[in-house]
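Residues: numbered from 1 along the sequence shown. Any value given below was found using the heavy atoms of this structure, including those in side chains, with hydrogens, waters and symmetry copies removed.
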Amino acid sequence: MFSMIMIKRVALTFLCLLLPYFSNAQILNIEKLRLEKDTAKHFLMKLTTELSAYNRSATPDNPVNFFGYNLDFNSIFYPDKHAYTFLGKFDYVELNDANVVNFGFLHTRINFLRERMISYETFAQFSYDDFRGLNSRWITGGSVRIKVFENEKTTLVWSTGAMYEYEKWQVPESDEQVEVNFLKNTNYLSIRRTVNEIIDFNMINYYQTGYDQEIDQFRNRLSSSTILNFKLSKWLSWKNSFDISYEDKPIVDITKLIYTLRTGISLDL
């Protein structure tokens with residue numbers, strides 16, 4: 001028979017294993033979230049939602065109550081020369097009335113002259129991540145998007161631009177809050193490669209930097225996301241992804257390097 005302490009430890013361990021699926025890196029990977037273009041339609045939308053609630057307590061005096069929900073939506077509208085994208089994600093997990101995960105973002109983006117080799121983007125975003133102490137982040141900016149190379153199997157895109165960022169952080173183990181704002185340079189390099197009918201590869205690397213007068217130094221963020229998929233058969237696929245993010249001078253004392261590795265089998269019937 002498991003003791004109640006052991007049951008709680010197992011529940012907390014299981015939740016910790018789930019955290020990478022709820023938490024996200026500091027830099028939102030927009031390229032990864034874009035919908036695949038369908039040339040027969042001018043509007044596409046994908047919506048996924050899930051709600052979980054259960055009580056697996058062994059005794060009334062030692063409750064183990066779990067509640068969580070997530071909502072993901074991804075939409076794109078391209079009536080003519082431009083593309084309009086709207087993305088959102090919300091994750092919430094509560095264990096025994098304790099808020100463990102509370103993460104979300106809304107992102108909107110316009111890609112002007114999307115079919116040209118050189119196009120232009122404007123974007124705005126709101127996000128929060130209580131698990132890492134981020135109460136709110138507001139971003140607005142624009143960039144130039146260049147298709148460096150493109151053929152039927154390979155696409156290489158580079159983008160550079162500027163953005164304004166406002167953040168409000170909670171200092172760990174304190175009631176103190178810190179507010180900062182920066183003008184930053186933002187860049188990404190995206191590579192998509194269909195090796196053959198079996199292997200599909202996708203990598204995107206982000207770099208953002210801004211000068212902080214308070215510390216008289218630049219604050220830098222780097223993020224990389226790699227997706228490698230293998231089609232094993234008509235119905236089976238082996239999907240792998242690796243995300244890593246590094247921030248050299250975080251606003252508050254949090255982990256500088258975070259990563260997520262996911263691998264699994266997909267069954268398509």
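N65 places no side-chain N or O within donor-acceptor distance of the main-chain N or O of N96, the cut-off being under 3.5 Å. Counting only distance, with no hydrogens or angles, the side chain of R114 and the backbone of H82 share a donor-acceptor pair below 3.5 Å. Of the possible donor and acceptor atoms, one in the side chain of R219 sits under 3.5 Å from a partner among the backbone N and O of K249. Looking at R145, its side chain never comes within 3.5 Å of a backbone N or O of F112 through a donor-acceptor pair. In this structure a side-chain-to-backbone donor-acceptor pair under 3.5 Å is missing from D129 to L134. Counting only distance, with no hydrogens or angles, the side chain of S143 and the backbone of T160 share no donor-acceptor pair below 3.5 Å.
By the 4.5 Å heavy-atom criterion applied to side chains, T49 and Y69 are not counted as neighbours. A heavy-atom distance below 4.5 Å is not found between the side chains of D91 and V93. Counting only heavy atoms from C-beta outward, the side chains of N240 and F230 approach each other to under 4.5 Å. Residues Q177 and K168 are in side-chain contact: their nearest non-hydrogen atoms beyond the backbone lie under 4.5 Å apart. The shortest distance between side-chain heavy atoms of K153 and R193 falls below 4.5 Å. Residues S136 and Y166 have side chains in contact (heavy-atom distance under 4.5 Å, counting atoms from C-beta outward). Counting heavy atoms from C-beta on, the side chains of F182 and I251 come closer than 4.5 Å. Proximity of V180 to E214: side-chain heavy atoms (C-beta onward) are nowhere separated by under 4.5 Å.
Taking NZ of K184 as the reference point, atom CZ of F218 lies at 11.5 Å (rounded to 0.5 Å). Once rounded to the nearest 0.5 Å, the distance linking CD1 of I118 with NZ of K147 reads 11.5 Å. Distance check: Y128 OH to F90 CZ gives 5.5 Å after rounding to the nearest 0.5 Å. Rounding to the nearest 0.5 Å places CG of N220 at 3.5 Å from OH of Y207. Distance check: Q170 CD to E176 CD gives 8.5 Å after rounding to the nearest 0.5 Å. The distance from atom CZ of F149 to atom CD1 of I191, rounded to the nearest 0.5 Å, is 12.0 Å.
A single hydrophobic cluster is seen to contain both V157 and I204, as judged by linkage of ILVMFWY side chains at heavy-atom distances under 4.5 Å, directly or through other members. Under the 4.5 Å side-chain heavy-atom criterion for ILVMFWY residues, a single connected hydrophobic cluster contains both L261 and I244. Grouping the Ile, Leu, Val, Met, Phe, Trp and Tyr side chains by contacts below 4.5 angstrom, directly or via other members, places I265 with I199. Linking ILVMFWY residues whenever their side-chain heavy atoms come closer than 4.5 Å, directly or via other members, places F103 and L87 in the same cluster. Residues V144 and L156 fall within the same hydrophobic cluster, defined by Ile, Leu, Val, Met, Phe, Trp and Tyr side chains chained together at heavy-atom separations under 4.5 Å.
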* Asked: Would L228 and W238 satisfy side-chain contact (heavy atoms from CB on, under 4.5 Å), going step by step from the backbone distance to the final call?
  -> CA-CA 9 Å; L228 184 61; W238 179 26; over 6 Å; no

* **Pair T122-T108, side-chain contact (heavy atoms from CB on, under 4.5 Å): steps then yes or no** => CA-CA 8 Å; T122 59; T108 182; over 6 Å; no

* Verify side-chain contact (heavy atoms from CB on, under 4.5 Å) between Y92 and F67, making sure each step is shown before the conclusion. => CA-CA 8 Å; Y92 181 82; F67 174 78; 4.0 Å; yes

* List the steps, then state whether side-chain contact (heavy atoms from CB on, under 4.5 Å) holds for Y120 with I110. => CA-CA 8 Å; Y120 309 92; I110 303 175; over 6 Å; no

* Asked: So S119 and N111, side-chain hydrogen bond (donor to acceptor under 3.5 Å, both in side chains) or not? Walk me through it.
  -> CA-CA 7 Å; S119 60; N111 184 199; 3.2 Å; yes

* To do: Kindly determine whether Q208 and Y206 satisfy side-chain hydrogen bond (donor to acceptor under 3.5 Å, both in side chains), including the steps that lead there.
  => CA-CA 7 Å; Q208 296 176 350; Y206 280 86; over 6 Å; no

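Across all non-hydrogen atoms, the minimal contact from K234 to K231 is O-NZ, 3.5 Å. Nearest heavy-atom pair, R132 versus I258, reported as atom, atom and distance to 0.1 Å: NH1-CG2, 3.3 Å. Across all their heavy atoms, P172 and V252 have their closest contact at CD-CB, 3.9 Å. The minimum heavy-atom distance between Q125 and S127, with the atom names listed, is NE2-OG, 3.6 Å. Contact record, G88 with L106: CA-CD2, 4.2 Å, taken as the closest heavy-atom pair.
A salt bridge links E165 with R221: at least one charged nitrogen is closer than 4.0 Å to a carboxylate oxygen.
For the pairing with I198, the side-chain contact (heavy atoms from CB on, under 4.5 Å) check across N196, V195, D200 returns one residue only, N196. Remark: of the listed residues T260, N202, D243, D243 is the sole one forming a side-chain hydrogen bond (donor to acceptor under 3.5 Å, both in side chains) with S225.
Aromatic ring pairs are classed by plane angle as parallel below 30°, tilted from 30° to 60° and perpendicular above 60°; the pair H107 and F123 is parallel.
A 6.0 Å sphere centred on CZ of R116 holds no more than 12 heavy atoms belonging to other residues, nucleotides or ligands. More than 12 heavy-atom neighbours from other residues, nucleotides or ligands sit within 6.0 angstrom of CG on D248.
In this structure, F73 has its ring center under 6.0 Å from that of F86.
Side-chain N/O atoms of N74 and D72 include no donor and acceptor closer than 3.5 Å.
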